[in-house]
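These notes are about the structure you will find just below.
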Number of protein chains: 2
Amino acid sequence: MKTRDKILLSSLELFNERGERNITTNHIAAHLAISPGNLYYHFRNKSDIIYEIFQEYEKLVDYYLDIPEDRAITLEDLTFYLESVFDGLWSYRFFHRDLEYLLDSDPRLRQDYREFTNRCLAAIDRIFGKLAEGGIIAPQPAELRSAMSLNVWLVITNWMAFLKTAHAADAQANLTLTELKQGIYQVLTLELPYLTPEYRERVLALREKYRPTLPETTEQSGVRLNAVGGVA
Amino acid sequence: MKTRDKILLSSLELFNERGERNITTNHIAAHLAISPGNLYYHFRNKSDIIYEIFQEYEKLVDYYLDIPEDRAITLEDLTFYLESVFDGLWSYRFFHRDLEYLLDSDPRLRQDYREFTNRCLAAIDRIFGKLAEGGIIAPQPAELRSAMSLNVWLVITNWMAFLKTAHAADAQANLTLTELKQGIYQVLTLELPYLTPEYRERVLALREKYRPTLPETTEQSGVRLNAVGGVA
DNA sequence: GACTGCCTAGAGTATATACTCTAATAATAG
DNA sequence: CTATTATTAGAGTATATACTCTAGGCAGTC
């Protein structure tokens, strides 16, 4: 594997694990056992590394959110979309953590991210439309639909931050992909009231698969995941 | 005003304006025209300043989210809760921006924030309960209610980040309280399907007040707030 | 062998950052 | 007034951070 690609890969890995803010270019070089000079031969600066990682992320999500034009979508499609989006979120999870700072320090990124957001919102909106075509949810006026899409987006993009901040007192408690995907439970909660009677049971069953499980790990304060869809 | 209080005030102001990450203790001292030594006489470190600001935030929100035990709540109450929460979010808006980093660097803060989140979630849940008592929304099973509460929390806490990141390409475009409060539109969107017929019109009217207005400022790419509840 | 283009090492640098230390000045109490 | 305490200034420091610069290796080609 080329050094350049190794840099991208290691950066992503380190950023995800410890946060972009805590990882310097020197860390990345050290992790790869290459010199800083070498790293800077391949990338002009840290921003360029991040920008390129973002472009991968963008490409991945765009690929998954390619909604078919010619047919309505099924529950299986919906599951696939949700799973894929959360997979993407997981693989590039560092990104949303320091999003505002990153956008402030790179105008290209700000511009691209803005467009990316709009594409995602449009895709969610289209999914709602196609779900209605498929008779899974009742059709809604365009305006409500787009407000709902935005809520879906807000829930998806904030779910990880919620998990990390509501997590057990141990700072190092690390997130799992399984936990992350419990966000699907929350997203499906948003859609519940709009389901058609024919599909209601099936979606409820699907949703049930993502229900947060009670904490397995021992707990200091004992509350933890009660908040997450459990006891009030 | 005491130097100590001035430090807290200026810190909050600077953090809100430029982000905690971009503000050093030296900046704060310079802004107040005091020496770094003076600042460190009053606070052991930067974390302590942030922790104390958080405690103010906490107190404020707790004060506002004190739900009456003895009666159902009205639409006016609901409006007040929503307005207050977004006011609080606005006044301490730096906090959610770097939340994860802040919690990672201060275990006290992590613990307190966790409990704070749980109190907020419980309050939202109670509000849903009282809204049902007041005949504004249809009562829902506890489990659905708490999943809904969590979604409300996710939308509220992520709304600002969304605005800032979806904002016009100008990095410096600054947010207004009015824009922030359009988050109320999104929150009320979540509640729409659960409204009782008697209240539906009134809540729709209330929601309408927070509908995002079309952008007044000129736009580069011309999309901007379309995403925010507008055209799809 | 010599030339060329790509890659790499590693020491080095300018700046920033959080924080310390000492000494001096105000404020207050007796 | 004196003694004590609270507050402040301001120079200074250890460490970190993003990044630069120079020299050289290595692979292929003639």
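What's counted below: heavy atoms across the whole structure, side chains too, no hydrogens, waters or symmetry copies. All chains are named by letter (A, B, ...) in the order of the sequence lines, taking the proteins before the strands, and each is independently numbered beginning at 1.
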Query raised in the report: Between L177(B) and F86(B), which heavy-atom pair has the shortest distance, and what is it?
Result: CD1-O, 4.3 Å

Query - Side-chain heavy atoms of F95(B) within contact of L89(B), under 4.5 Å - result: no

Report summary line: Taken to the nearest whole Å, CG/L39(B) to C1'/dA9(D) is 13 Å

Report task. Go through the steps for Y92(A) and F54(A) under the test ring-ring contact (aromatic ring centres under 6.0 Å, His included), then give the verdict. Result -> CA-CA 8 Å; Y92(A) 297 86; F54(A) 168 71; 9.1 Å; no

Query raised in the report: Quick one: K46(A) NZ to dA16(D) C1', roughly how many Å, whole number?
Result: 12 Å

Query - Of H42(A) and T25(B), the one whose closest DNA chain C nucleotide lies more 5' - result: H42(A)

Report task. Give the nucleotide from the list dT8(C), dA11(C), dA18(D) with an atom nearest to the side chain of P36(A). Result -> dA11(C)

Requested in this report: Would you kindly give the CG-to-C1' distance between L32(A) and dG10(C), to the nearest whole Å?
Outcome: 16 Å

Query raised in the report: Whole-Å distance between dC7(C) P and K6(A) NZ?
Result: 13 Å

Report summary line: Taking pairs as Watson-Crick (N1-N3 plus N6-O4 or O6-N4) or G-U wobble (N1-O2 and O6-N3), each distance under 3.5 Å, the stems of three or more consecutive pairs with DNA chain C are C:1-30 with D:1-30

Query raised in the report: NA contact type, I34(A), heavy-atom cut-off 4.0 Å: base, sugar-phosphate, or nothing?
Result: sugar-phosphate

Report task. Could you label the plane-to-plane angle of the F94(B) and F15(B) rings as parallel, tilted or perpendicular, counting under 30° as parallel and over 60° as perpendicular? Result -> tilted

Query - Whole angstrom value for the distance that separates P of dA6(D) from CZ of R4(B) - result: 14 Å

Query - Rounded interatomic separation in angstrom, taking CD1 from I28(A) and P from dA16(D) - result: 17 Å

Report task. Report the nucleotide, chosen from dA9(D), dT8(C), dC19(C), that has the shortest atom-to-atom distance to any side-chain atom of N38(A). Result -> dT8(C)

Query raised in the report: Can you find a heavy atom in the side chain of I53(B) that is under 4.5 Å from one in the side chain of S11(B)?
Result: yes

Query raised in the report: Of R21(A) and G37(A), whose closest DNA chain D nucleotide lies nearer the 5' terminus?
Result: R21(A)

Report task. For the side chain of S35(B), starting at C-beta, report the closest nucleotide among dC19(C), dG10(D), dC19(D). Result -> dG10(D)

Query raised in the report: Would R108(A) count as a cation-pi partner of Y51(A), with NZ or CZ less than 6.0 Å from the six-membered ring centre and within 45° of the ring normal?
Result: yes

Query raised in the report: Any side-chain N or O of Y41(B) less than 4.0 Å from the OP1 or OP2 oxygen of dT8(D)?
Result: no

Query - Close side-chain approach of F116(A) and D112(A), heavy atoms under 4.5 Å - result: no

**Report entry** Residue T24(B), side-chain atoms from C-beta onward, closest of dT8(C), dA18(C), dA18(D)
**Finding:** dA18(C)

Requested in this report: Determine, for F128(B) and R145(B), whether the Lys NZ or Arg CZ falls below 6.0 Å from the six-membered ring centre while staying within 45 degrees of the axis.
Outcome: no

Report summary line: Rounded to whole Å, CG of N22(B) lies from C1' of dA18(C) at a distance of 16 Å

Query raised in the report: Of N26(B) and T3(B), whose nearest nucleotide on DNA chain D comes first from the 5' end?
Result: T3(B)

Report summary line: From the candidates dA18(D), dC19(C), dC7(C), the one with an atom nearest any side-chain atom of K2(A) is dC7(C)

Query raised in the report: Of all the choices, dT20(C), dT8(C), dA18(D), which nucleotide is nearest to the side chain of Y40(B) once you look at every atom?
Result: dT20(C)

Query raised in the report: At under 4.0 Å between heavy atoms, what does A29(B) touch on the DNA or RNA strands: base, sugar-phosphate, or nothing?
Result: nothing

Report task. Take the protein atom CZ of F43(B) and the nucleotide atom C1' of dT8(D), then report the distance between them rounded to whole Å. Result -> 15 Å

